[in-house]
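Notes follow once the structure below has been shown.
In this text the structure is predicted, and so the values were computed from the model without any measurement.
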Amino acid sequence: MRHDNRYRLGDGSVLVVEVTGVGAMTREINKLLVVAGAGDYPRLIVEGAKKNGVGRVDIIAIKGSTARATVKAADNVHAITLGEITSSIRWAAAERYDGVVLAGQINPLSLFRARFDEEVKAALKALPVKNAHSVFGRLIEMFNAAGLEVLPSSLYMDDNIPGVGPMTRRGFSEREESDIRHAIKVVSDIGRHDVGQTVMVKEGMVLAVEAFEGTNAAIRRGARLAGNGAVLFKAARDGHDMRFDIPVIGLKTLKIMKKSGVTALGFQAFRQIVLDRDEVVKFADKNNIAIVGVDSGLPGAPLRLV
């Protein structure tokens, strides 16, 4: 079974996506399920959905990861360990949700340490390459097989997806802009191999490429070589599946940048989630860090079903 979804993007355009393996869904979402990892991101999805008229927003909370504020914001909570994901999908199917959103951080080491059931173990073992796209792609297939449609994890995040230009008082210096241009080329290349989303550059030298450890750990690693004056560029690859692993930064990342001597951050306009947006800009301005959205020429992240 297949149907088309039409999404309003951050840049105002409309994207048509063919969906297979699940029944046709209503354009009006009345009952939404958020699979909530760590951090503020899942809470913002819950609050944004309610603000935009979704009548009921429930969460699957991962024990030891999902923030209390997210639990408090939800209408109903189904708490699980990461290893219980298969049974939670069956539970969600019985609840007949209009759609599912995956949001929030999952510690990469959990994929190796969690006590998964046999079905998940077999699914992971069958993957020849294990990265965000392969692992979460398989998870989405499991939701779809149960009759549940996984929606873009950018939905309802209008206030947290910036456009083109500086978010901060200052833009890039001439040297920073040169390094950012180089970082854009590098992150585009690594994106084709699903290695990571972040590159650190200083004076034309690549100091760190994000791998499985995540953005913040990559910054700390690069800082051991950089000293002051490095730049970061963070990007989703061309063709990135916006149902999971959308690039995200927040105040924690900015604080690590400051401690590591990073002076500028570039990102793809309309394709990057910025948490704690006001606090991020205030902190960056106070510490003379430039944050700038760059026009990538790629489609923006979906914000609405239309």
Side-chain angles (χ1 to χ4, degrees), residues 21-23 25 29-50 54-127 130-157 212 214 241-246 248 250 273 275:
V22 295
M25 67 169 291
I29 301 175
N30 294 309
K31 188 177 176 182
L32 181 69
L33 178 65
V34 178
V35 181
D40 290 333
Y41 183 7
R43 173 183 58 81
L44 294 172
I45 292 279
V46 172
E47 293 174 349
K50 289 184 175 183
V54 179
R56 174 176 159 185
V57 186
D58 299 344
I59 67 168
I60 290 178
I62 312 298
K63 293 177 182 178
S65 293
T66 306
R68 291 181 181 179
T70 303
V71 171
K72 187 176 180 180
D75 292 312
N76 297 283
V77 178
H78 182 68
I80 66 167
T81 64
L82 189 60
E84 297 172 319
I85 192 66
T86 303
S87 61
S88 70
I89 291 174
R90 288 194 288 267
W91 165 83
E95 290 289 322
R96 300 180 65 84
Y97 287 97
D98 296 327
V100 178
V101 174
L102 311 178
Q105 295 175 322
I106 299 294
N107 186 335
L109 293 177
S110 309
L111 297 176
F112 300 102
R113 296 174 178 172
R115 296 182 178 179
F116 291 111
D117 58 40
E118 292 304 317
E119 186 175 346
V120 174
K121 285 180 181 178
L124 290 175
K125 188 176 181 179
L127 295 174
K130 294 178 178 64
N131 53 44
H133 271 74
S134 63
V135 172
F136 285 104
R138 182 68 186 98
L139 178 61
I140 287 172
E141 289 175 0
M142 294 169 69
F143 273 104
N144 287 349
L148 294 162
E149 183 172 344
V150 178
L151 303 171
S153 55
S154 51
L155 290 186
Y156 311 117
M157 294 293 286
F212 209 54
D241 190 332
M242 290 292 176
R243 293 176 295 180
F244 59 85
D245 200 30
I246 297 177
V248 176
I273 290 174
L275 306 175

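- A 4.5 Å side-chain heavy-atom check between L44 and I273 finds every atom pair outside the cut-off.
- The two atoms that bring S153 and I246 nearest to each other are OG-CD1, 3.4 Å, heavy atoms only.
- Side-chain contact between V57 and V34: present, with at least one pair of heavy atoms (C-beta onward) separated by less than 4.5 Å.
- Side-chain contact check for N30 versus V54: every heavy-atom pair is 4.5 Å or farther apart.
- Put simply, CD1 on I80 and CD1 on I89 are 8.5 Å apart, with the number rounded to the nearest 0.5 Å.
- By the 4.5 Å heavy-atom criterion applied to side chains, L33 and I60 are counted as neighbours.
- A 4.5 Å side-chain heavy-atom check between D58 and V77 finds every atom pair outside the cut-off.
- Counting heavy atoms from C-beta outward, L32 and V101 have side chains that approach closer than 4.5 Å.
- Taking CG of D98 as the reference point, atom CD of E149 lies at 10.0 Å (rounded to 0.5 Å).
- By the side chain to side chain donor-acceptor pair (under 3.5 Å) test, T70 pairs with no residue at all, sequence neighbours left out.
- Partners of E95 under the salt bridge (Lys or Arg N to Asp or Glu O under 4.0 Å) rule, at least two apart in sequence or in another chain, are K31, R56.
- Each ring-ring contact (aromatic ring centres under 6.0 Å, His included) pair with one or both residues in residues 62-84, not counting sequence neighbours, appears once here: H78-W91.
- With sequence neighbours excluded, no residue forms a side chain to side chain donor-acceptor pair (under 3.5 Å) with Y156.
- Listed here is the closest heavy atom pair of A67 and G39: CB-O, 4.0 Å.
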Exercise for review: Would you please test V100 and L151 for side chain to side chain contact (heavy atoms under 4.5 Å, CB included) and show each step?
Suggested key: CA-CA 6 Å; V100 178; L151 303 171; over 6 Å; no
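- Taking CD1 from I45 and CD1 from I59, the interatomic distance works out to 12.5 Å, rounded to the nearest 0.5 Å.
- For A38, the side-chain contact (heavy atoms from CB on, under 4.5 Å) partners two or more places apart in sequence, or in a different chain, are S65, Q105.
- Contact detail for L148 and A93: the closest heavy-atom pair is CD1-N, 3.6 Å.
- Each salt bridge (Lys or Arg N to Asp or Glu O under 4.0 Å) pair with one or both residues in residues 59-78, not counting sequence neighbours, appears once here: K50-D75.
- Residues A73 and V46 approach most closely at O-CG1, 3.5 Å, considering heavy atoms.
- Interatomic distance, S88 OG to F143 CZ, rounded to the nearest 0.5 Å: 5.5 Å.
- Annotation for Y41 and S154: closest pair OH-N, 4.1 Å, computed over non-hydrogen atoms.
- Atom CG of L155 and atom CZ of R243 lie 12.0 Å apart (nearest 0.5 Å).
- Residues P42 and G37 come closest through the heavy atom pair CG-O, 3.6 Å.
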